Amino acid sequence: MDFTPHTPEEVQAMLAELGLSDLRQLFADLPQEILEPQLRLPEPLGEQEALSLLRSLAAKNASAEKSFLGGAVRPHFIPSVVPALMSRGEFLTAYTPYQPEVSQGVLQAIFEYQTMIAELTGLDVSNASLYDGASALAEGVLLALRQTRRMAVVVSQGVHPEYRQVLATYLHAVGAELRTIELAGGLTAPAEFDETVGAVVLQNPNFLGAIENPSSWIAAAHASGALVVYVTDPLSLALLKPPGAWGADVAVGDGQPLGNPMNFGGPQFGYIAVRDKLLRQLPGRLVSETRDVDGRRGYVLALAAREQHIRRAKAKSNITTNSQLSALMAAVYLAALGPQGLADVAAAAVAKAHALAAQLASLPGLELVTPRPFFNEFTLRLPAPAAVVRAQLAKRGLQAATPVPEEYGDNLALFSATERHSDDDLRSLLDGIKEVLA
Amino acid sequence: MDFTPHTPEEVQAMLAELGLSDLRQLFADLPQEILEPQLRLPEPLGEQEALSLLRSLAAKNASAEKSFLGGAVRPHFIPSVVPALMSRGEFLTAYTPYQPEVSQGVLQAIFEYQTMIAELTGLDVSNASLYDGASALAEGVLLALRQTRRMAVVVSQGVHPEYRQVLATYLHAVGAELRTIELAGGLTAPAEFDETVGAVVLQNPNFLGAIENPSSWIAAAHASGALVVYVTDPLSLALLKPPGAWGADVAVGDGQPLGNPMNFGGPQFGYIAVRDKLLRQLPGRLVSETRDVDGRRGYVLALAAREQHIRRAKAKSNITTNSQLSALMAAVYLAALGPQGLADVAAAAVAKAHALAAQLASLPGLELVTPRPFFNEFTLRLPAPAAVVRAQLAKRGLQAATPVPEEYGDNLALFSATERHSDDDLRSLLDGIKEVLA
Amino acid sequence: MKGDFPTLFERSRSGRRGTRPPSVGDVDLAAMLGADNMRSEPARLPELDELSVVRHYTNLSRRQVGVDTSFYPLGSCTMKYNPRASEAAAALFTELHPYQDPESVQGALQIIYELQEYLAEITGMDAVTLQPAAGAHGELTGMMLIRAYHESRGEGEQRRVVLVPDSAHGSNPASSMMAGFVVREIPSGADGEVDLNELRAALGPEVAAIMLTNPNTLGLFERKILELIDAAHQQGVQLYYDGANLNAIMGWARPGDMGFDVIHLNLHKTFSTPHGGGGPGSGPVGAKAHLAPFLPVPTVKREGERYLFDYDRPQTIGRMRSFYGNFGVMVRAYTYIRMLGAAGLKRSSALAVLNANYLRKKLKDAGYIIPHDRLCKHEFVAQPPAGLHALDVAKALLDYGYHPPTIYFPLIVKEALMIEPTETESQETLDEYVTVMAEIARRGQEDPDWISHTPYSTPVRRLDEVSANRHPRLRWKPEE
Amino acid sequence: MKGDFPTLFERSRSGRRGTRPPSVGDVDLAAMLGADNMRSEPARLPELDELSVVRHYTNLSRRQVGVDTSFYPLGSCTMKYNPRASEAAAALFTELHPYQDPESVQGALQIIYELQEYLAEITGMDAVTLQPAAGAHGELTGMMLIRAYHESRGEGEQRRVVLVPDSAHGSNPASSMMAGFVVREIPSGADGEVDLNELRAALGPEVAAIMLTNPNTLGLFERKILELIDAAHQQGVQLYYDGANLNAIMGWARPGDMGFDVIHLNLHKTFSTPHGGGGPGSGPVGAKAHLAPFLPVPTVKREGERYLFDYDRPQTIGRMRSFYGNFGVMVRAYTYIRMLGAAGLKRSSALAVLNANYLRKKLKDAGYIIPHDRLCKHEFVAQPPAGLHALDVAKALLDYGYHPPTIYFPLIVKEALMIEPTETESQETLDEYVTVMAEIARRGQEDPDWISHTPYSTPVRRLDEVSANRHPRLRWKPEE
Ligand SMILES: Cc1ncc(COP(=O)(O)O)c(C=O)c1O
Ligand SMILES: Cc1ncc(COP(=O)(O)O)c(C=O)c1O
C-alpha cells in the first residue's frame, strides 16, 4: 500500500494537463542508462500485517523498563500527560516554525523550554535543543574554541566515554587538539591549563557516578582564559548546585531523563545553555518573545544570522533539524512535575541508588569503586567481566551491570536506580546477582 | 493524590471570602449524625504506583486479540488513525453538544455517523447511538410498540440470547408480552402473527451464525400490522443485503466490530436506524444540518422534544448519556476504510471463518451445526461441554469455543474468525483442539 | 475567511482508497453467502485517503471545545479534569473478549469486584452492579429493582406511583415511566428544597418510590432528608438516590446512611471518566440488602483467591445490557479511586463545594441574582441581572472562551444558569470567569443588540434551530 | 477577543502541585550528596496543577498548524502524510536501553540491520550507517568520510576545497566547514543546473568533493549528472549526494548508480517520519565500498540468525553520536518501507513529481512566473506576479488556511516561492490551492495595502522580528 490519494482516472487527467500519458514520461530527463532500477525490497504490507510484523520484532526484545543500566539514559517514569499531549498532530507534524503567525504553539513551547533549561542550569540562555548529549558537548566545545580563538581542549576522563569519542571526531575534523586528564580515585585530578587551551570539559556527576567538586578546575580554567564546558544530567540539577552557580560558562547534557522514553538510545535531545556573553556563538535555533502589529505578545525565531541557512559556510553550526519534540516532551514533563515534583523524582532516584549500592557492595566479591558522595549511579568492581554478568542477568530478565570501558579499570560495571524501582525490584537484582556470581 | 489546584493559602483565602475558616463548615447543613463517615478504601497512590498496580492487574489477563470467540464482539483490526484521532482531548472531554457554536466538531461527526449508518442499513434515519446492541434492541421494540399501540412481541430464538434477556427485562417492566419462536434446523421457523403483535424481531446472520432469508417473516409481520426489528452485525452489511432492502422497519445492533476494541464487552455502542415514518418515535439524540445567522452551514441537536430533558415522563426513552465516542470511532473507522475496505474486511472474515469451519468440521467428533450459508461465525457440536473445551484451550493460550446456551442444544460452541487471523492462527487452533479432544 | 466545512461525503472521490485490509485473494463470496443474500450495490460510504481522514477529524476537533480546552462549568455534569493516567490504564484492558474463559481474565474480574466494593463503601450501600451503561440506565435498573421488590411482596399492582420533585432531572421521570410507573411531581418549597408537607400528603399505599438527588439540582442539600426518608419508609415507600450529584458529598455523607434504598452513580461525572462528547459512561447501581436479590446478573464475587461471575440471584430483574457493562469506563473509575483514596475523594468534594460557594458569592457581587442564596454544595443556580436572558449570557460567554453553564434547568427557576465549577478549577480561573460575567452583564445591559447577536468569534454563529426541527436534515445527501 | 496567551510561568502559583512522584520518606539528602554540592534554592520551574498543564499545551497546539491540519507545501521539506501506523510501531520499542545485553534486543538490532540494507538498496550504496541524528548531521558525517578517505591516501592536506553549487542548502557549506573544508561556490547556469564548464574549471587537485542534490533545490534534475560525476572522479574528487530530495526519484534512479560516493538521507522527509516541529529526525549515511571502512561505529551486522554490533572498522572516523542514532525514527521509516515496498516507493515518487508538475503548470496559468519552466521533479520554484513579494504571498496564504511554501530559497532566484506538494495531496487540494493563489495574486495587485498587512485571521499577526533580533528576549522573566 501507499498513502497517495490519486485514483487512476485522476492520474490520467493530471498527466493530460501536462500533455503526457504515462508516469514514466515524468522521468524522461533522467539518463536512460540508470532509469528504473529494480529495487529488491520485501513485498509491501498493509497496516495490519506491518504492525503484526513489528509486534513480532518487538517481542524479540526484553523490556528495560525496570533496568538498572545507566550512562546518560535511564528508565524514569513518564506521566501520562506527556505522550498524550505530544502526540497531538499539530506538534507531531509541524515543521520548524518559520511562519510564526501559525506556529505560536511550537514557538511558545520552545520559549518556555529555553526558560526552564536556563533555570535548571543557572545560566542565561538555552537554545531550542541539539541532537543528543554527546553532540551537544561537541557543539559546546566548538563554541568555546570560536570564542577564545584557541585550538586545544582539555577533557576530564570523568566525561562519558562515548561523549569523548564524539568530541574527538568533531575536533579532529577542525584540527583541534584534545587532551584527556585521567581520573584519580574516581575523581577528576587537579590540572593547570596553558594558554592554548580554549575549552575545559568536566562532567558532574562524572561517568562513574561520583559528585565532583569542580571549583578548582573552573578557577584554573578561567585563570588561563579557557571557558568551562560542564556536562551534567539535567535531573541532577533538581538537587545539585547548577553549572552557573559553580561558574561554568557552558552547560550541556542529554535530556532523556526529563520525560523522554529510552528509545534504545534515541531520539532524546541535547541541551545547551550559555552565559549571555556567548549568545552570538550559540549554535542552533533560538526563540524570542516579541509583539505583533496589533501589540499582542508573540514569539519568533531570532538571531538566525548565526545559522546555516543564512550564514552558510560561516554559520556557528550546520544544525538544521534538531530534537524539538523530545525537548517539548521535557518541557511538558517539567511543567507536570514542577520544582517540588522534580526534586522528589531526583531524591527518590538518589535514595534508591544509595540503597542499592549499600546492598550490592555488601556482597562478597563486589567493591564500590565510585567515591562518595555519588548521585543516582555508581560503579562496582565485579569478580567477572561486566558483559558476562550483564548477559547472565539478562537471561534472568534483569537488565543491569553496564560494562564500563577498560580505561577505567577491569571488570567495572555501572549501576543506576530511579524512582521507578520498588524495593522488590532492588531485591530481585540482589538475588539475581548472587545467583550469577555463585 | 488528587487533581485539585488549591494551595492551602488559596483554600483559606476562598473560605475567608465566605466568612468561613474551615472546609468542614461547608457541610454544616448536613445532618450531623451521618457526617464524615470513615471510608475504608485502599491508601491513595501516585500515578506511577497506580499504573504499576493496573499493569499487574492487566498481566493477570490473557489477550484475546487472536481470539475465535464471537457473539457480537470480535477482535477486528483497528487502524491506528482511529485511536489517534479519538484520543484528542476535544473529542474525549466534551459533553453532549448542547452549545452548537463551539461543538461543531462533535455535531458534524455525529451527522456523518448518522449518514453512514443509514447507508449501511438501507434505512432513512439513524440516531447518534445507544448503549449497546442489546439495549438498542429493547429500544427498537419499544418504539415499534409505541407506533403500533400493541403490546406483544415475537422474537426469533436466532436473536442473541443476552439480547433477548435484556429485551425481556425491558418488556416485563412495561407489561408487554414476549413470545419466542424456536429455531428449526438452525434457522428461524416460519410463523404467523396475530394482531396483538406490534413487533417481530429476527437476527441475521442469526446467533448460530446462519444467514437467514427473512422475506417471509417480514411479509407475515407486515401483513399483520407489526413492525419488523432486524438485528444485525453492521460489518455484515458490507456484503449482505441490508435490512432496509429486505423491508425491515427498524435495524439495530452492536457497533463494536466497526473500529471499537473489545473492551471485555464494553464500551461499545448500539446503533438504531428506522424508516422516516418512525422518526418521531426514535429514542435518543439526533443531529440536523442547518444554517447560522451568517448563512454558514452548521449542525445542531434536533427534535429534542422526543427526549427526557424536554418531555420528561412522556419521553420516547430515558436515554441521556449514550456511547458517542464509540460511535465516532466507528465513523472514523468507516472513513478510513471506505466501502471497498469495509467489504475487504468482511470478505476476509468470511473467508477465514469458512476455512476454519471446514478444518474444524473435518475433525472427528466435531459437527457443524450451523446450516450454510453462514457469515463469519458458526456453531459446532463438541464431544464435551464447550466451557470445558474453552478452558482447556485457554490454558494453551487459545481463546475459542464460546459456549452456546443449552436452549440451542448440548455441547454447542460458537466460533468466529476475522481478517486479523493468519493461516498460522487457524492452524494453532486446529492443533489446540486436537490436543484438547485427544 | 471562514467557509463551510466540507463533510466527509463531499471530500469523497470515487475509487479513492484509505487503509487496506489484508487481501483474501480469490474467494467466491456468492457461493459462500448465497447470491440472493448479497447486497446489490455497496453502501455509499465516503471514499478517502488516510491523510484526508486525519485532516478532517483533526480540524473537526479544532471546531470543538472540551474540558481540555476551557473552563466548562456545566451544571449537573461535573466537568472535572479527566486524568490521562486513567486513559493509560484503560488502554491496558482493551483486548479482552467478554466470553473468554474466566480464568483468563482474573485481573479484569478483580477490578470489577473491587470497584463494586469501593462504590458500596463510598455510598453506604450493601451491593452494587456495574452493568448499567449510563446514569439513566442506572435509574431504570434501580426503578426496576424497586418494582421487583414490591412485586415480591405482593404490592406490585398496587404501588404504581413514583414521586419526583419538580426540580428533578428529566431522566428521572422518564426512567420511572420505562420501569412501568406513573410519575407524580412534588413541588419544591420556597427554600428550593422538597416541601415536606406536600410530600407527606402525597405519600400513600399507591406510592412505590421517591426519586431524589441530594444535593438537589439547585445545588442545595435537602436538610430534612432524614425526616423525609423516615416518613416515606413508614409508608413502605422506597427511596431512590440519583447519584449525579455525588461529587458534592464524597466522604462527607453517604446516601446509604441517609436511608436511601437504591442509588445510581455516574462514573463519568463523579469518578472523572471522560464524557466523550456524550458518552460512553457508566451508571452503577447500589442497593440495600433487601433489594440486592433483584440486581441484574451477573455480578462478580470472590472465592478465596479467585474471582467468579455470580449468576446466582433467582429473583433477579434479569439483564440490563449485554455482557458486564462498560468495563473500560470502570477501569478509569477504578484507577481514579485508587489514586485519590478516601482522603482525596473527601478533599475533592470539599473543594468542589468551596469553588461553587466562592463563585456564588462572587457572581452575586457581580450583579447576578442567586434565587436561593445559602450555602450550596457543588453547584448553584443563578439568574442574569434584570433584562438579560440566560441564553444570551451563555452565547456571550462563548466569545470569551468559556463553555456556558447549563441553562434553563432546573425548570423551576426562570432563566436559570446552573453553574458547577468542580474541584479541578483554580481560584484564578473562577476570578477571571467572574470578571467576564460582570463584563457581559454590564455590556449586555448597555447594548442589548450586541448581546443578542453573540457569539461573533466561533466557527459558526447562532444556528437556526427552528428550521432544523421543522425540516430536519438528519443525513447527508448529494445535491439534487 | 484574542488576548495574550499566558506562559506557563504566568500560570504558575507558588505551592501548587501537579503529578506526584512516589514519596521517598525521610532521607538525608545532604548526607548522601554533600551539603556543599546542593542547590541553594530550587529551580524556578512553573508550579501547576495537571489540568492547567493539559489546557496549556492543548491550547498551544490549537495555535499551531501541521500536516495534520493543512496543506503544507514547504519546498525542500517533504511535508507528506506521516502514517499513524508508524507511530504505533515506534511505541512498541520505547522501553529499550542502549546498554542492554545485545541478546535481549535482537528485534531492535534486526530492524537496524534490515533498514541499513533497505536504504543501501534504495540508494545504490554499499554500506549504510544510521547513526547521524538528522540530515545536516549526516552531511557532516559524509564529509568526514571523504576527509578520512583522502587522508588515507595521503591527500588529506592537499584536498581541502569543497565545491557547492550556489543553489545548495545552507547546511551543505556549513557541514563542509565543520568537517574542516573550505567551501567554494559554483554558479548555476541559466538553465538552473550546475554549469558544467564552470565546474570543470573549478576541479583540481585541491578539490576534495562536490556536494550536490539531484534533483537540485530548483526541483530540476541535473541532466548532465553522469558526465559531471565522471569529470570529477577523473580528478580524484568525491561526490556527495544530499538526499533531502530523494523523494523525487525513489525507484526511478539511484544516486549510487549516478556515481555518487556518499549520500545522506532524511528519514523525516523521504521516509515520512514526522518533523515534530523541527525534529528529531534521522540522517543515515550511505557510502560506496571505498568509503565504507571509515563509517562511524558501531553498525549492525548479521551472523547466522543473530544480529551484532560491529565495531570492527579500524579506519573509522569515530563516533558521531552517543549510542546508535535515533532508533525511534528508524522504526517509523522501517515500517513505512515495509508498508510501501518497492512498488509503493516508486509510485510515491512518481506521484510526487506528477503533483509538482501539475501545480507548476496550473500556477503558471494563474499568473505566477516559473523561472525554469521545464519538467520538474518533486518541487519547483515560482515567483509572484509583478509587483508582489514572496513574503506577502506567504502571509496572505495563512488567511486562507494554507501553510506557505518555502520563501527566498534557493538564493539564486529572486522572490522565490519553493513549492513541494508531495504525493499525499490530492488533485482537488492542488486545484483549490491554485484558486487561492490566483485570488491572492489578483487581490494583491489590486490592493497592495491589503496584502502587505496579511494575515488578519491568525492567532497573532505579523510579528516584530527586527526588535526580536535587536533585543532578543530568550527566556521568560517576571515583570520587574
Ligand atoms: C441529575 C441527573 N440525573 C441523571 C442524569 C442521567 O445520567 P446519564 O447522562 O449518565 O444517563 C443526569 C445527567 O445528565 C443528571 O444530571
Ligand atoms: C536540501 C537540504 N539539505 C539538507 C537539509 C538538512 O537536513 P536536516 O534538517 O535533517 O538536518 C535540508 C533540510 O532542511 C535540506 O532541505
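Worth knowing before you read on, the calculation uses all heavy atoms, side chains too, and leaves out hydrogens, waters and symmetry mates. Computed from a predicted model, the values in this text were never measured in an experiment.
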| B:E289 side chain near C:T7 side chain, heavy-atom distance below 4.5 Å | no
| query | At a heavy-atom separation under 4.5 Å, does C:R147 approach chain B through its side chain, its backbone, both, or neither? | reply | side chain
| So, are B:D2 and C:K346 salt-bridged, with charged N and O less than 4.0 Å apart? | no
| Is it the backbone or the side chain of B:A238 that comes under 4.5 Å from a heavy atom of chain C, or both, or neither? | backbone
| said: Measuring from atom CG of B:N263 to atom NE2 of C:H97, what distance do you get when rounded to the nearest 0.5 angstrom? | reply: 12.0 Å
| With a 4.5 angstrom heavy-atom cut-off, which part of C:D257 approaches chain B: side chain, backbone, both or neither? | both
| field | Side chain / backbone / both / neither for C:E50 at chain B, heavy atoms under 4.5 Å | value | side chain
| task | Determine the minimum heavy-atom distance between C:D36 and B:K241, stating which atoms define it. | result | O-CE, 3.5 Å
| remark: The reported gap from NZ in C:K361 to CD in B:E17 (rounded to nearest 0.5 angstrom) is 4.5 Å
| Measuring heavy-atom distances to chain B, does C:H56 have an atom under 4.5 Å in its side chain, in its backbone, in both, or in neither? | side chain
| query | Can you check whether B:F264 and C:Y324 have ring centres sitting under 6.0 Å from each other? | reply | yes
| message | In the structure I gave you, are the side-chain heavy atoms of B:L239 and C:R39 within less than 4.5 Å of one another anywhere? | response | no
| note | Rounding to 0.5 Å, atoms CD (B:E112) and CG (C:L45) come to a distance of 12.0 Å
| query | Between B:H309 and C:F409, is the gap from one ring center to the other below 6.0 Å? | reply | no
| field | Passing option when B:E101 is tested against C:R462, C:R63, C:K395 for salt bridge (Lys or Arg N to Asp or Glu O under 4.0 Å) | value | C:K395
| request: Could you tell me the separation between the CZ atom of C:F93 and the CZ atom of B:R55, rounded to the nearest 0.5 Å? | output: 10.5 Å
| Which portion of C:E425 sits near chain B, non-hydrogen atoms under 4.5 angstrom | backbone
| Distance-minimising heavy-atom pair for C:G281 and B:T321 | N-CG2, 3.7 Å
| Shortest non-hydrogen contact from C:S171 toward B:T320 | CB-OG1, 3.7 Å
| field | Residues, nucleotides or ligands: over 12 heavy atoms within 6.0 Å of B:E33 CD | value | yes
| query | chain B heavy atoms under 4.5 Å from C:Y99: which part of the residue, side chain, backbone, both or neither? | reply | both
| said: Test your reading of the model: is there a side-chain donor-acceptor pair from B:Q99 to the backbone of C:H403, 3.5 Å cut-off? | reply: no
